[in-house]
Participant: 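Attaching a single structure in structure tokens format; questions to follow.
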There are 2 protein chains.
Amino acid sequence: MSRGSTEQPSTADGPRQTGRATLRDVAKLAGVSIATASKALNNQPQVRAETRTRVLQAAEQLSFSPNTLAQGLITQRSGTVGLLTSDLEGRFSIPILMGAEDAFGSDQTSVFLCDARGDNLRERHHLRALLSRRVDGLIVVGARPDARPSLGRDLPVPVIYAYSPSDDPADLSLVTDNVGGGRMAVDHLIRHGRRRIAHITGDPSYGAAQDRARGALDRLAEEGLPLAGDQVWFGAWSEAWGRGATRMLLQRDPDIDAIFAGSDEIARGVLDVLHQEKLAVPTQVAVIGFDNWNILAVNARPPLTTIDMNLEALGRLAAQRLFAAIDGTLGSGVETVAPRLITRESTAPLD
Amino acid sequence: MSRGSTEQPSTADGPRQTGRATLRDVAKLAGVSIATASKALNNQPQVRAETRTRVLQAAEQLSFSPNTLAQGLITQRSGTVGLLTSDLEGRFSIPILMGAEDAFGSDQTSVFLCDARGDNLRERHHLRALLSRRVDGLIVVGARPDARPSLGRDLPVPVIYAYSPSDDPADLSLVTDNVGGGRMAVDHLIRHGRRRIAHITGDPSYGAAQDRARGALDRLAEEGLPLAGDQVWFGAWSEAWGRGATRMLLQRDPDIDAIFAGSDEIARGVLDVLHQEKLAVPTQVAVIGFDNWNILAVNARPPLTTIDMNLEALGRLAAQRLFAAIDGTLGSGVETVAPRLITRESTAPLD
DNA sequence: TTGTAGGCGTTATCAA
DNA sequence: TTGATAACGCCTACAA
């Protein structure tokens, strides 16, 4: 192997093969017992200052790094969690992972990321592997924001479902508040003086599509405003549908002054057609998206105001709940995380 | 904790607290010694068939799962690798992770994914954590396809740099063949009868931009073809630049018949302006991108022909090299992975 | 074919 | 303040 450790730690029995110093090496070098070395390194009080520095120096010199596996064997805690995802692109799982990393602290807990690729068998495999690695907990991230099958009730570690809730109400699930997000989007448009607001969104079989629409309609109703375009335009989560729906919408109702798109992809399609029809954004028509998918939102023309699902916050929360559950009880039901508005240039006050 | 293991394994000393059966529990239930149970479960030959089934049944009944941490202590192998990335969106690391997972086999090896977020300090933290977890190897994925600082030469485990090469030639790096990719793109256009080919690409400080351009120019030269637009249009990796460059290009050289864009983002900008200028794609002008970033390429109008960097293959290769290195030697230098052409509708034969 | 004993690298509980 | 000693869960000679 092309590595050259200069410090080959050795025992009385001869040089070590592994290339990694153990606590015994440190103790030997410092001239103390293993127990003392351990105490010194874990800064326990009952150790003389002079001894401690001697041990610390020895450890430094051997670039000693404690074997977490051995520690875990004793403490019954591996300091790892598994993130089991089905989200091929990592679009949702990565922010969640980062949030979790943040909350755990990278030196405390490491995260195994496993992608089941929508395959149930592969999920079972990964699950088994993670359990045998003695993860302290599990975060499950589904492929879409709808209920997914529970992993089951009698797992030996706490499990949290993030983004996609579990279909078993006894499990704890953390999801974005899609109703609130829809409401937030429309509220933003209303505050900007828009009155003729339409809504184009994706596949109606997605709970998220229904929820966002509901939030939008609720807010509209509060204001006594009708939905422009006479209906929620359900379709597909694609730019193509965004384009098609916008064309139909404009035909039916040419003087809308705002469109709430159920995703940034759809919003891109909307912008495209608006552009083509020479309708100025945001002056004539304001557009707001959903997801804050950077590559789409920032590059849009104009850059897209959108609703961010706050997945990092969701990841942080998952980590906190997991952490609390490790020596307490885990709740159940569905907990909701508030999304947040990202203002860019595709919306602006009327006038 | 909200879990209800029905099988509470117990020892003679009383019920277990952990909720997880150990080999001792299995042995006890099967009425054999721990050693025999171990042999039976690891199907070693020297064990009577009847005994084995008895052990297997006991294990099943207790839903025994061997403690990988304990195994690792003995075998000096954790069965884990670390994937250390700086790629915030996971755009490159996820495919690489999936490739590595594939090659390792999910039951053999699990992957720790750590994101350093471009922060050097955080990277050191993660590195330390991974080493103390006794990962068997490390895959390092940088943020951009250019040389990144080496982790150093005397790490106790083999390290492979993927996507971004290490700046130390003694390390082993695996990267996409960008020169070959550029060549491949232009070759495709030439085969489709295009003769007036222009190239718009990103930030010239990126090695990848230079390499792709070089490949393109090489192939053009072989054919005795000039570069349309008189120059390689370097700029930024954004749609906005794609739009701006296309406008300038069309002004300088209105009758190009193909554009090779250095990224799919840029290609989107190119398509946008072509559309605006009423130039039909692909009939009048063919467009090819780079990256095969699905969300951009598939949704483009028309869907984008592009060069895929084959990152999954890169991940698989990294896993294989790592695996080989664990009890052999790791090579050094830069190894290259061939990209592949993804044909969609933005290119077609002329006529 | 089965069981006993020692050890992997730590930590924790005692005595000294 | 320090050091034996016994775990933790598993594997592997070696002995029976």
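Sequence lines set the chain letters: A, B, ... in the order given, protein chains first and strands last, and positions in each chain run from 1. Everything quoted here is computed from the prediction, not taken from an experiment.
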Participant: Which residues satisfy the salt bridge (charged side-chain N to carboxylate O under 4.0 Å, His left out) test with B:Glu123, sequence neighbours excluded?
Facilitator: B:Arg148
Participant: Could you state the CZ-P distance from A:Arg54 to D:dT1, rounded to the nearest angstrom?
Facilitator: 14 Å
Participant: Relative to the 5' end of DNA chain C, which residue comes earlier, B:Thr36 or A:Leu73, by the nucleotide with the nearest heavy atom?
Facilitator: B:Thr36
Participant: Using the test salt bridge (charged side-chain N to carboxylate O under 4.0 Å, His left out), find all partners of A:Asp107 that sit at least two apart in sequence or belong to another chain.
Facilitator: none
Participant: Can you list everything that forms a salt bridge (charged side-chain N to carboxylate O under 4.0 Å, His left out) with A:Arg133? Sequence neighbours excluded, please.
Facilitator: none
Participant: Starting at CG of B:Asn67 and ending at P of C:dG9, how long is that distance when rounded to a whole Å?
Facilitator: 16 Å
Participant: Taking atom P of C:dT11 as reference, at what distance in whole Å does atom CG of B:Leu69 sit?
Facilitator: 14 Å
Participant: Indicate every side-chain donor-acceptor pair of residues 158-165 of chain B with a distance under 3.5 Å to a residue at least two apart or in another chain.
Facilitator:
from     : atom 1 : to       : atom 2 : distance (Å)
B:Tyr161 : OH     : B:Ser150 : OG     : 3.4
B:Tyr161 : OH     : B:Leu151 : N      : 2.7
B:Ser164 : OG     : B:Gly142 : N      : 3.3
B:Ser164 : OG     : B:Arg144 : O      : 2.6

Participant: Does A:Thr68 reach a base, just sugar-phosphate, or nothing at all? Heavy atoms under 4.0 Å.
Facilitator: nothing
Participant: Distance only, no hydrogens: is a donor on one side chain within 3.5 Å (strictly under) of an acceptor on the other, for A:Ser173 and A:Ser166?
Facilitator: no
Participant: Nearest whole angstrom, please: distance from the C1' of C:dC8 to the CZ of A:Arg20.
Facilitator: 13 Å
Participant: What integer distance in Å separates B:Leu62:CG from D:dC10:P?
Facilitator: 12 Å
Participant: So if I take every side-chain heavy atom of A:Phe64 and compare against C:dT10, D:dC10, C:dT1, which nucleotide ends up nearest?
Facilitator: C:dT10
Participant: Can you tell me if A:Thr51 touches the phosphate of D:dT2, counting only side-chain N or O atoms and a distance under 4.0 Å to OP1 or OP2?
Facilitator: yes
Participant: Please tabulate the protein-to-nucleotide N/O contacts below 3.5 Å involving nucleotides 11-15 of chain D, giving atom names and distances.
Facilitator:
from   : atom 1 : to      : atom 2 : distance (Å)
D:dC11 : OP1    : B:Gln71 : OE1    : 2.8
D:dC11 : OP2    : B:Ser38 : OG     : 3.1

Participant: Tell me the interatomic distance from A:Arg24, atom CZ, to D:dT5, atom P, rounded to whole angstroms.
Facilitator: 16 Å
Participant: Kindly point out which of D:dT2, C:dT10, C:dC8 is positioned nearest to the side chain of B:Gln76?
Facilitator: C:dC8
Participant: Under 3.5 Å, is there a donor-acceptor pair between the side chain of A:Thr109 and the main chain of A:Thr80?
Facilitator: no
Participant: Give every donor-acceptor pair under 3.5 Å between a side-chain atom in residues 315-322 of chain A and any protein atom, sequence neighbours left out.
Facilitator:
from     : atom 1 : to       : atom 2 : distance (Å)
A:Arg321 : NE     : A:Glu335 : OE1    : 3.1
A:Arg321 : NE     : A:Glu335 : OE2    : 3.3
A:Arg321 : NH2    : A:Glu335 : OE2    : 2.5

Participant: What is the distance, to the nearest angstrom, from the CD atom on A:Glu50 to the C1' atom on D:dT2?
Facilitator: 13 Å
Participant: Specify the separation, in whole Å, of atom CZ of B:Arg77 and atom C1' of C:dG9.
Facilitator: 17 Å
Participant: List in chain and number order the residues that pass side chain to side chain contact (heavy atoms under 4.5 Å, CB included) with A:Arg124, two or more places apart in sequence or in another chain; answer none if no residue qualifies.
Facilitator: A:Asn120, A:Leu127
Participant: By side-chain hydrogen bond (donor to acceptor under 3.5 Å, both in side chains), which residues pair with A:Asp102, not counting sequence neighbours?
Facilitator: B:Arg117
Participant: Could you give the angle between the helix axes at the two ends of the helix from C:dT1-D:dA16 to C:dA16-D:dT1, with five pairs per end, rounded to 10 degrees?
Facilitator: 50°
